Asks: 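Dumping the structure here so I can ask a few things about it.
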Amino acid sequence: MTRQLCAENATPEYIAMADLQLSGISKRFGDVQAVSDLSLDIQSGEFIVLLGPSGAGKTTTLRLVAGLETPEAGAIHIGGREVTALAPALRDVTFVFQQYSLYPHLSVFDNLAFPLRSPLRPVAEPEIKRKVLEVARMLRIEDKLQNPATRLSGGQMQRVAIGRALVRSPAIYLMDEPLSSLDAKLRNDLRLELKRIQQDLGATMLYVTHDQTEALTMATRVGVLEQGRLVQLGTPRQIYEDPVSSYVASRLGAPRINLVPRSALGVLAAPERAVTAGIRSEHVGLAKKVISAFATGASHTSTDAHDADLSAKVLRVERLSDQYLVHVALANSSQELICAPALNMLLEPGDTVYLHIKNMFWFDASGQRIRF
Ligand code: ATP
């Protein structure tokens, strides 16, 4: 599909974008089932982030869409056209890799112009110049256009690599951890720019990252992969607030969700098959324990899974720039938890605290969520 851009500051006048369907895709390498019966329906203009630990099948999924791998089963459609057996060059996708791959002997301008000079899609030189300048402006590298590609900082090189994808206006952008080799500040800047550019272009993006800030801030939907299977697809908020399993719950959230054996939580009411509780740090309220209040029976008592009261000892306190984290050990089980209390709470290692768990998930023996 081709549409005219509406956004005022959007650059190329016409952009191509398309929806993408993966239907029952499988890919095996020897004994390793890298991708397993994966179906994914991406709407035109969506920003989909694939999350999962190393080896979950993220890169293989991108490579299958790009045509760099061939699936043993399933079909891939881009813009309604089946491309499963089509050569990469005929799929109208661009791929940005984690490690920028620029032509060192070419200038930044010629690196950016390179995809437009492909014999498959000839573009007139004045149009090439216009597009390169537009993209260079978007990525704030217009003053580097005459530099040799080798005379750039790492961040500038990665901008050029991303720019090479943007000049083409393909049907689908595939990005494999494009920001992971950059330092924290550059990564932050480029993350915001990339999201702005994607929105301005209305581009369809399939993006792989390990970085949950990128997933939370950029994705329209997040797909969580586990051993080649897509185990949940939803908005970042759905994935965070309503995970289908302990595995999914562990993918988003810093610090990582506390996974606590049921037995460590004492008499807490729980569903029958519950084996593990998932407790996010911000869902634990802390109060300094007042011994006399407990002695007179004024302490809270647990009534159900969402109103659990427990006492614990403070092990460590971390004051980060935007977070206050308190590591505690439960009094009756020594189980450790990370809690994020109010910033103004003054706690020291050794303090006894009272925990109030405001919300939690229950998981069964296989890690699947139990709803009740
Ligand atoms: P990472 O985050 O480390 O890049 P990933 O989620 O992208 O991991 P993939 O690179 O897709 O994972 O790999 C999935 C599985 O397939 C892994 O077990 C990997 O070792 C295997 N694999 C991928 N490519 C090949 C290949 N060309 N030959 C053999 N095995 C491969």
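Ligands are counted one by one from 1 in listed order, and the atoms in each one are counted from 1 as well. Keep in mind that this is a model prediction, so the values were computed, not measured. Side chains are part of it too, since the values below use all heavy atoms of this structure and drop only hydrogens, waters and symmetry mates.
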Asks: Measure from atom 7 (O) of ligand 1 to every heavy atom in V32, V35, L225, T59 and give the option owning the shortest one.
Replies: T59
Asks: Less than 4.0 Å from atom 20 (O) of ligand 1, is there any heavy atom belonging to the protein?
Replies: no
Asks: Note the single closest protein heavy atom to atom 13 (O) of ligand 1, along with its residue, its atom name and the distance in Å.
Replies: T60 OG1, 3.8 Å
Asks: Between the side chains of R187 and D211, is the shortest nitrogen-to-carboxylate-oxygen separation below 4.0 Å, so that they form an ion pair?
Replies: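 Yes, charged N to carboxylate O under 4.0 Å.
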Asks: With a cut-off of 6.0 Å (strictly less than), are more than 12 heavy atoms of other residues, nucleotides or ligands near CD of Q33?
Replies: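 Yes - once you tally the heavy atoms of other residues, nucleotides and ligands closer than 6.0 Å, there are more than 12.
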Asks: What atoms of ligand 1 come closer than 4.0 angstrom to any heavy atom of A34?
Replies: 14 (C), 15 (C), 16 (O)
Asks: Suppose I only count heavy atoms of P53 and a 4.0 Å limit; which atoms of ligand 1 are within that range?
Replies: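 Under 4.0 Å from P53, ligand 1 has these atoms: 6 (O).
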Asks: Which is closest to atom 15 (C) of ligand 1 by heavy-atom distance: A56, S54, G57, G55?
Replies: G55
Asks: For F363, give me all partners under ring pair (Phe, Tyr, Trp, His ring centres under 6.0 Å), at least two apart in sequence or on another chain.
Replies: none
Asks: Looking at atom 29 (C) of ligand 1, what's its closest protein heavy atom, distance included?
Replies: F29 CB, 3.3 Å
Asks: Would the number of heavy atoms belonging to other residues, nucleotides or ligands and lying under 6.0 Å from CZ of R117 be above 12?
Replies: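 Enclosed.
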Asks: Going by the order shown, which atoms of ligand 1 are within less than 4.0 Å of some heavy atom of H210?
Replies: 2 (O)
Asks: Which heavy atom of the protein is the closest neighbour of atom 6 (O) of ligand 1, given with residue, atom name and distance?
Replies: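 Its nearest protein heavy-atom neighbour is K58 NZ, 2.8 Å.
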Asks: With a 6.0 Å cut-off (strictly less than), is the heavy-atom count around CZ of F114, excluding the residue itself, greater than 12?
Replies: no
Asks: Step through the shown structure and confirm whether more than 12 heavy atoms of other residues, nucleotides or ligands are within 6.0 Å of CD on E127.
Replies: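 Result for CD/E127: enclosed.
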Asks: Do the side chain of T94 and the main chain of Y173 share a donor and acceptor less than 3.5 angstrom apart?
Replies: no
